[in-house]
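Heads up: the structure comes next, in structure tokens.
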Amino acid sequence: MSLYDQYPVSIYNSLKKEKEVFKPIHEGRVGMYVCGPTVYSDVHLGNVRTFVSFDVMFRYLKYLGYKVRYVRNITDVGHLVGDADEGEDKIAKKARLEELEPMEVVQKYTNGFHDVMDMFNAIPPSIEPTATGHIVEQIEFIKQIIDNGYAYEKDGSVYFDVRKYSQDHKYGELSGRNIEDMLSNTRELSGQDQKNDPLDFALWKNAESGHLMRWPSPWGIGFPGWHLECSVMSTKYLGEKFDIHGGGMDLKFPHHEAEIAQNKGCTHSGGANYWVHGNMLTVNGRKMAKSEGNGFTPEQLLTGDHKLLERGYSPMTVRFFMLMSHYASTLDFSNEALQAAEKGYKRLMASVNLIEKLGQPGGSVDKEKSAELTSVIDQALKDLSDDFNTAKAVASLFDLSTKINTFYQQPGELAKIDPEAFEYAIKHFKGIIFDVLGLRNEGEIAQDGKTLDGVMQVLIELRKQAKFSKNYALSDKIRDDLKEAGVQLKDEKGGEMSYTID
RNA sequence: GGCGCUGUGGCCGAGUGGCUAGGCAGAGGUCUGCAAAACCUUGUACAGCGGUUCGAAUCCGCUCAGCGCCUCCA
């Protein structure tokens with residue numbers, strides 16, 4: 001029996017607006033598509049949160065034994081600048097500002113994005129397709145939509161005919177909107193005269209002279225519309241029907257709504273069965289966004305070089321902080337919260353490090369105590385299967401952490417644990433922490449240095465001698481000075497000493 | 001205006017109609033030469049007002065406060 005049968009996953013489906021038992025289309029296999037970043041500037045924490053959320057889903061589904069194909073695109077063309085109605089492309093605009101080739105801009109920020117994802121230990125997706133790499137497919141997709149009667153051409157551009165579409169399908173099913181409301185609330189926008197209807201959106205845009213991104217098409221020189229790539233690439237790599245589609249809450253409308261319409265308009269299938277939306281990161285209760293000026297770069301987060309940051313925080317502290325809440329809840333950033341997360345993270349890692357130092361379990365096995373141990377793991381897996389509730393799972397991990405610490409201090413307690421139960425619990429304890437939550441043991445990395453460890457052993461030996469001769473002034477000085485240098489010495493039972501690096 | 005969300009103890013943050021979430025901080029204790037860490041103990045929490053119910057933080061209604069989307073946004 002596989003783990004996914006043992007711990008069936010349920011997911012909150014934005015499309016149905018309720019939690020459902022997850023049933024993949026193909027037994028044992030999952031196709032997952034997540035809307036990736038637009039690479040025209042640095043990613044900020046909000047982006048990181050969303051991708052970390054989906055990274056955990058990817059990791060957990062694999063942990064359960066599913067074979068997962070995870071597709072996350074790179075948007076390197078297509079999104080229009082909000083206040084420029086002339087149809088100027090974000091990337092083209094940025095290119096002009098920086099006097100670069102558009103593809104130079106794309107490459108620069110794609111590299112940066114990958115570096116940041118790596119820093120936060122997010123596993124690269126199975127496929128990371130780019131919009132510019134799928135111009136041909138996008139053109140074919142548009143042709144089919146036109147053939148199906150849901151799009152029209154006008155002056156070298158092609159628009160999706162929302163009204164026509166809504167006669168046959170429900171437009172707005174994901175975001176809970178209806179066409180009439182939207183019509184009466186449409187804002188006055190200039191430059192929309194080409195469209196038959198303000199609700200229509202572009203599938204292909206005619207490139208004006210001087211526009212930097214241009215490709216030939218049956219409708220002239222131009223570039224693909226803002227929403228098209230995701231429809232096209234999810235269909236290409238996952239099929240007309242696939243399992244999970246994810247993205248940030250703010251993409252629900254219009255982006256995902258348009259995506260569904262394009263999919264149905266082309267293939268008559270709506271794409272994903274389960275739509276999953278991650279919530280926003282907030283600062284003082286407000287969405288972290290570039291326009292608010294309350295976001296910061298990962299570099300600033302590490303160094304603490306930002307007016308909102310009291311000091312820097314390590315990547316794993318931040319990752320752990322994010323996992324202490326549920327992906328569908330807003331998460332409010334504050335220095336206090338981050339500092340609390342940092343302590344919690346270190347506490348967890350300290351227990352992990354202790355595992356190696358534990359003696360042998362068993363001897364005078366207490367069945368109840370053993371069952372208690374495995375039930376904590378059981379609970380954690382149930383919680384993860386319950387819409388990926390990392391917050392709850394983390395609580396179980398802390399329970400286990402306490403138990404491990406007790407085992408270390410009181411070997412008698414460890415003797416009560418059945419060796420098999422112990423092995424099972426430790427395997428999953430580590431599995432959940434490292435494989436599912438994707439945490440890295442930052443302290444351990446620092447301790448890898450053999451030279452440093454050798455130096456530490458010398459200092460520890462000196463301190464032991466000082467203590468033995470009751471020269472507490474010297475032994476305290478060694479400890480205090482090391483503390484100053486970022487190394488915490490701990491006296492243990494039996495006169496042994498250990499150290500941790502901050 | 002339309003669609004939707006949230007309001008939990010000092011802070012962050014889970015939560016099922018009845019059983020201690022958890023982390024951080026605080027208090028007391030054990031251990032220790034002193035620390036640190038760890039362990040144990042400790043908190044009259046669920047915005048307000050009504051209603052449903054044997055029982056609601058959890059369901060319903062209203063009020064108040066805040067937020068998101070509706071334009072690019074994770």
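So you know, we letter chains A, B, ... as the sequences are listed, proteins then strands, and number each from 1.
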| note | Rounded to whole Å, CG of A:Asp332 lies from C1' of B:G68 at a distance of 14 Å
| query | More than 12 non-hydrogen atoms from neighbouring residues, nucleotides or ligands closer than 6.0 Å to NZ on A:Lys17, yes or no? | reply | yes
| RNA chain B: A:Leu281 or A:Ser325, which has the more 5' nearest nucleotide? | A:Ser325
| field | Rounded distance (Å) that lies between atom C1' of B:C69 and atom CE of A:Met249 | value | 10 Å
| message | Taking B:C40 as the reference, what is the distance to B:C73 when you measure between their C1' atoms (whole Å, please)? | response | 49 Å
| said: Assuming nearest nucleotide by heavy-atom distance, tell me which of A:Ser334 and A:Leu45 is located more 5' along RNA chain B. | reply: A:Ser334
| said: Under 3.5 Å, is there any donor-acceptor pair linking the side chain of A:Lys287 to the base of B:C73? | reply: yes
| query | NA contact type, A:Leu331, heavy-atom cut-off 4.0 Å: base, sugar-phosphate, or nothing? | reply | sugar-phosphate
| field | Backbone N/O of A:Gly438 and side chain of A:Asn121: donor-acceptor pair under 3.5 Å | value | yes
Pick out the pairs of N or O atoms, protein on one side and nucleotides 21-27 of chain B on the other, that lie under 3.5 Å.
from	atom 1	to	atom 2	distance (Å)
B:A25	OP1	A:Lys343	NZ	2.5

| Does the side chain of A:Tyr60 pick up a donor-acceptor pair with the side chain of A:Thr390 at under 3.5 Å? | no
| message | Can you see whether A:Glu257 engages A:His227 through a side-chain donor-acceptor pair at a distance of less than 3.5 angstrom? | response | no
| message | Return the pairing partner of B:C72 with a 3.5 Å limit on both distances, Watson-Crick or G-U wobble; otherwise return none. | response | none
| query | Nearest-Å distance, CE (A:Met288) to C1' (B:G68)? | reply | 15 Å
| remark: Rounded to whole Å, the CE-C1' distance (A:Met322 to B:A14) equals 18 Å
| query | How would you label the contact of A:Asn279 with the nucleic acid (heavy atoms, under 4.0 Å): base, sugar-phosphate, or nothing? | reply | base
| request: Indicate, with a heavy-atom threshold strictly under 4.0 Å, whether A:Gln409 touches base, sugar-phosphate, or nothing. | output: base
| task | For B:A14, take OP1 and OP2 only and decide whether either is under 4.0 Å from a side-chain N or O of A:Ser329. | result | yes
| message | Using Watson-Crick or G-U wobble geometry with both distances under 3.5 Å, which nucleotide pairs with B:C67? | response | B:G4
| said: Does A:Arg440 qualify as a cation-pi partner of A:Phe434, given the criterion of NZ or CZ under 6.0 Å from the six-membered ring centre and within 45 degrees of its axis? | reply: no
| Any strand: nucleotide that pairs with B:C46 via Watson-Crick or wobble, under 3.5 Å | none
With 3.5 Å as the limit, what N/O pairs link the protein to nucleotides 63-66 of chain B?
none

| task | May I ask you to say what A:Leu338 touches in the nucleic acid, namely base, sugar-phosphate or nothing, with a heavy-atom cut-off under 4.0 Å? | result | nothing
| note | If pairing means Watson-Crick or G-U wobble with both distances under 3.5 Å, then the partner of B:G10 is B:C24
| message | Once hydrogens and angles are ignored, does a donor-acceptor distance under 3.5 Å link the base of B:C34 to the side chain of A:Asp491? | response | yes
| message | Heavy atoms only, 4.0 Å cut-off, all strands: where does A:Arg177 land among base, sugar-phosphate and nothing? | response | base
| request: Using a 4.0 Å heavy-atom cut-off across all strands, classify A:His44 as base, sugar-phosphate, or nothing. | output: base
| query | Does A:Asn47 make a side-chain N or O approach to OP1 or OP2 of B:A74 shorter than 4.0 Å? | reply | yes
| task | Report the residues that fulfil ring-ring contact (aromatic ring centres under 6.0 Å, His included) with A:Phe58, sequence neighbours left out, ordered by chain and then residue number. | result | A:Tyr70
| field | Donor + acceptor pair across side chains of A:Gln379, A:Ser396 (<3.5 Å) | value | no
| Taking atom types as they are modelled, is there a donor-acceptor pair under 3.5 Å from the base of B:G15 to the side chain of A:Asn389? | no
| field | Length of the CE-C1' vector between A:Met349 and B:A37, whole Å | value | 17 Å
| field | Greater than 12 external heavy atoms within 6.0 Å of A:Glu18's CD | value | yes
| query | Cut-off 3.5 Å, side chains only: do A:Asn335 and A:Tyr313 have a donor facing an acceptor? | reply | yes
| message | Over 60° means perpendicular and under 30° means parallel, so tell me whether A:Phe242 and A:His245 are parallel, tilted or perpendicular. | response | tilted
| said: Please classify the nucleic acid contact of A:Gly46 as base, sugar-phosphate, or nothing, using heavy-atom distances under 4.0 Å. | reply: base
| remark: Any strand, both distances under 3.5 Å, Watson-Crick or G-U wobble: B:A37 pairs with none
| said: Say we look at B:G23 and B:G15: how far apart would their C1' atoms be, to the nearest angstrom? | reply: 16 Å
| task | Determine the contact category for A:Lys467: base if any of its heavy atoms lies under 4.0 Å from a base atom, sugar-phosphate if only primed atoms, P, OP1 or OP2 are that close, otherwise nothing. | result | base
| note | A:Glu310 CD to B:C12 P, in whole Å, measures 14 Å
| task | Calculate the interatomic distance between A:Met280 atom CE and B:C70 atom P; express it in whole Å. | result | 11 Å
| request: May I have the distance from A:Leu251 (atom CG) to B:G68 (atom P), rounded to whole angstrom? | output: 16 Å
| request: Could you give the distance separating B:U52 and B:C11 at their C1' atoms, to the nearest angstrom? | output: 35 Å
| query | Taking atom P in both B:A45 and B:C19, what distance in whole Å separates the two? | reply | 13 Å
| said: Is it the case that the base of B:A35 and the side chain of A:Arg479 share a donor-acceptor contact (distance under 3.5 Å, atom types as modelled)? | reply: yes
| message | Let me confirm one number: the NZ-OG distance from A:Lys346 to A:Ser351, rounded to the nearest 0.5 Å. | response | 14.5 Å
| task | Please say whether the positively charged group of A:Arg177, taken as NZ for Lys or CZ for Arg, lies over the ring of A:Phe253, i.e. under 6.0 angstrom from the six-membered ring centre and within 45 degrees of the axis. | result | yes
